[in-house]
Amino acid sequence: MSAYIAAAARQDAMDRLRELTERLEDEYGAVTDDEQQAALDRIAAIDGWHDEQRSRPDDTA
């Protein structure tokens, strides 16, 4: 039962994200390939920074 609820929650989140995407595209136009790649590059850089921070020894002790 919990798997069903989790799947329904994920589907609801995806539906709401799709609706938001459609509204933003209506207002601002579609995202270009270059803009999408720039966003993906930025996300990768942020992920890399977080990975680096997690791999550092904890200096607070």
Excluding Trp49, membership of its hydrophobic cluster (Ile, Leu, Val, Met, Phe, Trp, Tyr; side-chain heavy atoms within less than 4.5 Å) reads none
Here the salt bridge (Lys or Arg N to Asp or Glu O under 4.0 Å) pairs for residues 2-12, sequence neighbours left out, are Asp12-Arg16
So salt bridge (Lys or Arg N to Asp or Glu O under 4.0 Å) across residues 20-30, not counting sequence neighbours, yields Glu19-Arg23
Contacts satisfying salt bridge (Lys or Arg N to Asp or Glu O under 4.0 Å) that involve residues 33-56 (not counting sequence neighbours) are Asp51-Arg54, Glu52-Arg56
